[in-house]
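Structure record follows, encoded as structure tokens.
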Protein chains: 2
Amino acid sequence: MNETISCSTCLVGSCALETLTRNELVNMEAHTYQTTFRRGEVLRKQETPVESLIYLRSGYIKEFISHENTSDQVVQIVKPRFYIGLLGLCTNSASLYSYQSVTDADVCFIDKGTFSKLIAGNGNFAREILVSLSRESIKNHKRFLSLNKTQSFGKVASLLMYLSEEVYESNSFELWLSRAELGQMIASTRESVTRALRYFHNEGIIRMLKNHISIQNQERLTEFAKRG
Amino acid sequence: MNETISCSTCLVGSCALETLTRNELVNMEAHTYQTTFRRGEVLRKQETPVESLIYLRSGYIKEFISHENTSDQVVQIVKPRFYIGLLGLCTNSASLYSYQSVTDADVCFIDKGTFSKLIAGNGNFAREILVSLSRESIKNHKRFLSLNKTQSFGKVASLLMYLSEEVYESNSFELWLSRAELGQMIASTRESVTRALRYFHNEGIIRMLKNHISIQNQERLTEFAKRG
DNA sequence: ATTATAGTGTGCGATTTATCACATTTTTGT
DNA sequence: ACAAAAATGTGATAAATCGCACACTATAAT
């Protein structure tokens with residue numbers, strides 16, 4: 001867990017901060033509140049008013065939607081050094097999604113109005129935020145489109161590649177998402193995820209031990225993601 | 001078809017233009033090239049270098065991805081007064097998607113470098129572009145998530161609502177997309193789309209006459225989109 | 001240690017969709 | 001106007017998934 005420090009000396013700040021002047025940084029600092037969440041805690045609920053932009057200093061956050069009759073949908077897993085709620089910053093006053101930490105997390109709440117004014121007043125800062133938003137959206141597009149398949153094995157394969165490449169940035173990772181949550185990421189069910197994972201394990205494509213997963217045969221997994 | 005005019009007197013320009021100074025507008029104008037496409041023409045192919053941002057003055061454009069072995073995927077239908085390729089503006093040099101006009105279209109090619117400089121130099125302009133990008137991304141998120149279902153009738157219902165609300169902005173519209181293309185929007189097949197549309201028609205939920213579709217029973221369609 | 005609770009593995013039947021085949025209609029090009 | 005090509009409608013079949021039931025395991029609480 002990182003200690004409380006100022007924006008100007010923050011070692012895990014966003015690269016957009018580098019475009020801010022000293023005065024602008026001081027201004028942001030004055031409207032930022034740092035805090036921590038423990039695994040499982042809810043940071044924000046969908047359709048509640050949003051007054052802050054959240055910056056994730058460390059930990060992983062699940063972005064999802066709850067429905068009345070059907071099961072939840074997981075939109076994405078946000079990783080450290082990314083903003084939460086950037087998509088709604090300039091458009092929505094109510095939160096589009098719910099956010100829950102899947103690990104302990106260290107976050108900063110930055111006042112939305114202040115952040116907005118910094119954007120309008122500093123084109124270079126705005127450009128950096130635009131880059132962040134673009135990257136995030138491209139990543140999500142990629143994920144959503146990769147799920148545009150009919151077979152569950154292919155969808156699970158795509159999901160594993162997403163987790164490995166975009167979230168954990170490693171071929172080997174501790175999975176702190178349940179089978180049900182994985183199913184909610186790919187419009188599938190707990191059981192189908194189990195069956196696909198077991199199949200990949202038995203085929204030697206991945207190794208599963210408790211919650212640890214490591215990808216053994218990238219090539220065959222890619223093949224499943226493409227065709228299956 | 002709209003006549004060739006300058007950015008400053010354009011009646012169908014983006015609202016972001018209003019934040020530009022006279023000099024900035026003149027600069028943009030000098031690096032903008034207006035042209036037209038006829039139905040079916042390709043504006044840009046995926047993975048080709050991108051030097052311009054495209055602004056759609058009139059007409060409708062299909063954004064899609066081609067795959068080697070499987071059928072195309074349609075990402076979205078871009079409607080008039082929206083930018084094409086905004087997502088890749090600040091990040092990619094190669095086009096993420098292919099673009100093909102589904103009607104005659106009137107477009108402007110704006111030099112990417114010029115546009116980028118305008119963003120960095122004018123925070124208010126940058127903010128407007130950020131708003132445009134956010135809105136587009138939210139719309140796409142919504143669509144992608146609405147397709148996160150397992151049943152084809154529900155997916156077709158969601159698709160009809162998307163077309164009606166986000167694209168045509170009417171309950172009644174001429175559909176110039178083939179059954180196959182509709183299938184490519186929802187990870188389904190030509191035949192399944194046909195069957196769903198016919199069912200909705202027979203149930204009186206929609207009316208279909210040639211390529212004209214009108215939604216008769218919004219409520220039941222919504223019900224299908226939610227549950228089915 | 002024991003109990004309660006949440007999560008996981010697995011078989012089976014019902015349901016749904018993809019796929020194929022082919023008739024029919026519509027559009028395109030000459 | 002006509003032929004060719006593309007798109008659409010529809011049935012039958014095969015393949016795949018969902019959803020349920022239940023056993024089992026891991027985790028948390030007392």
Side-chain angles (χ1 to χ4, degrees), chain A residues 38-41 62 67 69-74 100 102-104 147-159 174-203 206-213 224 227-228, chain B residues 38-41 62 67 69-74 100 102-104 147-159 174-203 206-213 224 227-228:
Chain A
R38 271 183 300 180
R39 179 189 164 127
E41 285 191 288
K62 176 177 83 166
H67 295 100
N69 305 306
T70 55
S71 61
D72 293 356
Q73 285 179 276
V74 177
Q100 184 180 25
V102 290
T103 62
D104 290 348
L147 298 177
N148 207 348
K149 344 183 174 311
T150 50
Q151 309 243 33
S152 67
F153 279 29
K155 293 202 283 188
V156 173
S158 292
L159 179 59
E174 287 299 323
L175 189 62
W176 9 248
L177 293 167
S178 70
R179 299 288 184 272
E181 283 173 316
L182 294 178
Q184 287 162 13
M185 294 189 78
I186 59 173
S188 186
T189 57
R190 177 181 81 74
E191 294 95 327
S192 294
V193 171
T194 291
R195 283 185 258 261
L197 288 178
R198 186 132 304 279
Y199 175 80
F200 291 151
H201 177 78
N202 290 340
E203 288 285 310
I206 64 170
R207 268 180 68 81
M208 249 194 319
L209 202 64
K210 289 235 182 196
N211 275 332
H212 191 90
I213 288 183
F224 267 98
R227 296 176 191 278
Chain B
R38 271 183 298 181
R39 179 190 163 123
E41 285 190 287
K62 177 178 83 168
H67 295 101
N69 305 307
T70 55
S71 60
D72 293 355
Q73 284 178 276
V74 177
Q100 185 179 26
V102 290
T103 63
D104 290 349
L147 297 176
N148 207 347
K149 347 184 172 307
T150 50
Q151 309 242 31
S152 67
F153 279 29
K155 292 202 282 189
V156 173
S158 292
L159 179 59
E174 286 299 321
L175 190 62
W176 7 249
L177 293 168
S178 70
R179 299 287 184 272
E181 283 172 315
L182 294 178
Q184 286 161 14
M185 294 189 80
I186 59 173
S188 186
T189 58
R190 175 180 82 72
E191 293 94 329
S192 294
V193 171
T194 291
R195 282 185 257 263
L197 287 178
R198 187 132 305 279
Y199 175 80
F200 291 151
H201 177 76
N202 290 340
E203 288 285 311
I206 64 171
R207 268 180 69 82
M208 249 193 320
L209 200 64
K210 288 238 183 193
N211 275 330
H212 190 90
I213 287 183
F224 267 98
R227 297 176 191 278

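Predicted model, so just to flag it, every value in this text is computed and none were measured.
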* Got a second to check how far A:L197's CG is from A:N202's CG, nearest 0.5 Å? -> 11.0 Å
* At what distance, to the nearest 0.5 angstrom, does CE of A:M185 lie from CG of B:N148? -> 10.0 Å
[X] side chain N/O closer than 4.0 Å to the phosphate oxygens (OP1, OP2) of [N]?
X: A:S192; N: D:dC18; result: yes
X: A:S178; N: C:dA6; result: no
X: A:T189; N: D:dC18; result: yes

Expressed as a whole number of angstroms, how long is the span from [X]:[atom1] to [N]:[atom2]?
X: B:W176; N: C:dT27; atom1: CH2; atom2: P; result: 16 Å
X: B:L209; N: D:dT8; atom1: CG; atom2: C1'; result: 15 Å
X: A:K210; N: C:dG9; atom1: NZ; atom2: C1'; result: 15 Å
X: B:Q151; N: C:dA14; atom1: CD; atom2: C1'; result: 12 Å
X: A:R179; N: D:dT27; atom1: CZ; atom2: P; result: 12 Å
X: A:N69; N: D:dG19; atom1: CG; atom2: C1'; result: 17 Å
X: B:H201; N: D:dT10; atom1: NE2; atom2: C1'; result: 15 Å
X: A:L147; N: D:dT17; atom1: CG; atom2: C1'; result: 16 Å

* Between the main-chain N or O of B:R39 and the side-chain N or O of B:D104, is there a donor-acceptor pair closer than 3.5 Å? -> yes
* Under 3.5 Å, side chain of A:K155 to main-chain N/O of A:I186, donor-acceptor pair present? -> yes
Can you find a donor-acceptor pair, distance only, under 3.5 Å between [X] side chain and [N] base?
X: A:R195; N: D:dG19; value: yes
X: B:E191; N: C:dC20; value: yes
X: B:R190; N: D:dG9; value: yes
X: B:R39; N: C:dT28; value: no

* So which nucleotide from C:dT8, D:dC18, D:dT17 ends up closest to the side chain of A:S152? -> D:dT17
* To do: Measure from the side-chain heavy atoms of B:T194 and tell me the nearest of D:dA7, D:dT10, C:dG9.
  => D:dT10
* Pick the nucleotide of DNA chain D nearest each of B:R198 and A:N211; which residue has the one closer to the 5' end? -> B:R198
* Asked: Are side-chain heavy atoms of B:V74 and B:L177 found at a separation under 4.5 Å?
  -> no
* Structure fact -> The answer to which of A:M208 and A:T150 contacts DNA chain C further toward the 5' end, by nearest nucleotide, is A:M208
